[in-house]
Amino acid sequence: MSAASFPILITGAGQRVGLHCAERLLDAGQPVIISYRQERDSIARLRERGAIAVQADFSDETGILTFIEQIKAQCSGLRAIVHNASQWLAETPGEEADAFRQLFSVHMLAPYLINLHCSDLLLQSAQADIVHVSDDVVRKGSANRPAYCASKAGLESLTLSFAARLAPRIKVNTIAPALLMFNADDDDAYRTRTLAKSALGIEPGPEAFYQTLRYLLDTPYVTGTTITLNGGRHLK
């Protein structure tokens, strides 16, 4: 069966970048399965377009394994897995351990278990990819959110390990974005400060991420690589 016949699984595709990628893939005629945490109008729109939407709780092992069984019940193969599900948790004094556990579960345990248990589905496709979504902050660390940064760094390490383990049949790479799109309630002062952090100084929007994802899906000769999508922040 051709690669395009199997769906691409995108976790956390109910909003923002994940939603944009799901919509663009559907535009291209690519079947899509998504995970989401809570019902939104966007989920209903994706279902109307033919996407399979599976509610998921990645906060613990039970929720992750339940999701995996649901995916196996929905398809006989996968073209790719895009680990986009993410949480941006503050490490509140007195609750740091809980935050760390939750970030570890979403950013590392879920991708780890999904990769292990769904690799057989990927092997049904002539072309197969796993794409981890990290964060440019891993490059320098974070004084304010060390648990978030550590969990994303661990995800990048999983990229190297799974790329070695699953080669040559499955390519495994990471996209590490910085700012892609502001939130509606971000004020002008914050926007100005944030744009000044990069050499290019623009808000590229989610299409920049989709173009990078498309590159990884289409190129046959890249694995075990992290693509930094940061507008030249490392130059400042």
Side-chain angles (χ1 to χ4, degrees), residues 3-4 6-59 63-64 66-75 77-89 102-103 105-115 117-118 121-122 125 128-135 151-152 155 159 172-177 179-184 204-218 227 229:
F6 292 118
I8 290 178
L9 169 61
I10 307 176
T11 64
Q15 59 182 336
R16 295 176 64 80
V17 171
L19 173 61
H20 180 81
C21 289
E23 291 175 329
R24 293 287 280 114
L25 289 168
L26 290 168
D27 290 343
Q30 169 64 55
V32 170
I33 301 177
I34 67 160
S35 81
Y36 66 96
R37 276 185 289 179
Q38 61 187 49
E39 288 287 348
R40 303 172 184 269
D41 291 342
S42 59
I43 303 300
R45 292 200 308 270
L46 290 174
R47 285 197 183 100
E48 289 172 2
R49 297 192 60 188
I52 297 171
V54 179
Q55 192 165 27
D57 177 6
F58 293 159
S59 64
I64 298 165
T66 297
F67 173 74
I68 290 168
E69 290 308 309
Q70 290 177 297
I71 294 302
K72 290 182 174 181
Q74 292 284 356
C75 64
L78 288 170
R79 164 64 182 87
I81 301 171
V82 182
H83 291 289
N84 176 69
S86 185
Q87 283 195 294
W88 180 247
L89 290 181
Q102 193 164 350
L103 290 164
S105 187
V106 173
H107 297 159
M108 292 183 64
L109 185 60
Y112 173 76
L113 291 175
I114 292 169
N115 290 351
H117 293 290
C118 293
L121 293 176
L122 289 166
S125 177
D129 288 88
I130 294 171
V131 179
H132 295 149
V133 182
S134 182
D135 193 305
S151 63
K152 288 292 192 177
L155 181 60
T159 296
V172 185
N173 293 289
T174 293
I175 302 173
L179 167 76
L180 294 175
M181 54 195 302
F182 288 112
N183 293 301
E207 183 66 9
F209 183 95
Y210 176 72
Q211 290 167 343
T212 307
L213 173 62
R214 188 77 262 172
Y215 164 75
L216 290 175
L217 295 175
D218 293 342
I227 297 182
L229 193 62

Could you walk me through whether V17 and L180 pass side-chain contact (heavy atoms from CB on, under 4.5 Å), step by step?
-> CA-CA 8 Å; V17 171; L180 294 175; 3.8 Å; yes

Please walk me through it: do I81 and I8 pass side-chain contact (heavy atoms from CB on, under 4.5 Å)?
-> CA-CA 6 Å; I81 301 171; I8 290 178; over 6 Å; no

Pair L46-L19, side-chain contact (heavy atoms from CB on, under 4.5 Å): steps then yes or no | CA-CA 9 Å; L46 290 174; L19 173 61; 3.7 Å; yes

Before giving the answer on side-chain contact (heavy atoms from CB on, under 4.5 Å), spell out for I52 and I34 the whole-Å C-alpha distance, their side-chain angles and the decisive distance to 0.1 Å.
-> CA-CA 6 Å; I52 297 171; I34 67 160; over 6 Å; no

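Proximity of C118 to I68: side-chain heavy atoms (C-beta onward) are separated by under 4.5 Å at one or more points. The shortest side-chain heavy-atom distance between K152 and S86 falls under the 4.5 Å cut-off. Using a 4.5 Å heavy-atom cutoff, the side chains of V131 and I175 are in contact. Between I33 and P7 there is a side-chain heavy-atom pair separated by less than 4.5 Å. Counting only heavy atoms from C-beta outward, the side chains of I43 and Q38 never approach each other to under 4.5 Å. Proximity of F209 to C21: side-chain heavy atoms (C-beta onward) are separated by under 4.5 Å at one or more points. At a threshold of 4.5 Å between non-hydrogen side-chain atoms, the residues H20 and Y210 count as touching. Within the 4.5 Å cutoff, no side-chain heavy atoms of I71 are placed close to those of H117.
A salt bridge links D129 to R79: at least one charged side-chain nitrogen sits closer than 4.0 Å to a carboxylate oxygen. At a threshold of 4.0 Å, the pair E207-R24 counts as salt-bridged, since one of the basic side-chain nitrogens sits closer than that to a carboxylate oxygen.
Side-chain N or O atoms of T212 include one that pairs as donor or acceptor with a backbone N or O of A208 at under 3.5 Å. Looking at D135, its side chain never comes within 3.5 Å of a backbone N or O of A176 through a donor-acceptor pair. Listed for the S42 side chain is a donor-acceptor partner under 3.5 Å among the backbone atoms of G14. Using a distance-only test at 3.5 Å, with no hydrogens or angles considered, no donor-acceptor pair links the side chain of Q55 to the main chain of Y36. In this structure, H83 contributes its side chain and S134 its backbone to no donor-acceptor pair below 3.5 Å.
Distance check: Q30 CD to L217 CG gives 8.0 Å after rounding to the nearest 0.5 Å. To the nearest 0.5 angstrom, Q70 atom CD is 12.0 Å from C75 atom SG. Atoms CE and CG, on M108 and L113 in that order, are 11.0 Å from each other to the nearest 0.5 Å. Atom CG in N84 sits 9.5 Å away from atom CD in Q15 (nearest 0.5 Å). Here the CD1 atom belonging to I114 is positioned 6.0 Å from the OG1 atom belonging to T11, to the nearest 0.5 angstrom. Separating the CD atom in Q74 from the CG atom in L9 is a distance of 11.0 Å, to the nearest 0.5 Å.
Remark: F67 pairs with F58 by the ring pair (Phe, Tyr, Trp, His ring centres under 6.0 Å) rule, at least two apart or across chains.
If you check the side chains of S59 and S105, you find no donor sitting under 3.5 Å from an acceptor. A donor atom on one side chain and an acceptor atom on the other are found under 3.5 Å apart for N115 and H132.
Atom CG of N183 has more than 12 neighbouring heavy atoms from other residues, nucleotides or ligands inside a 6.0 Å radius.
The two residues A53 and R47 make their nearest non-hydrogen contact at CB-NE, 3.7 Å.
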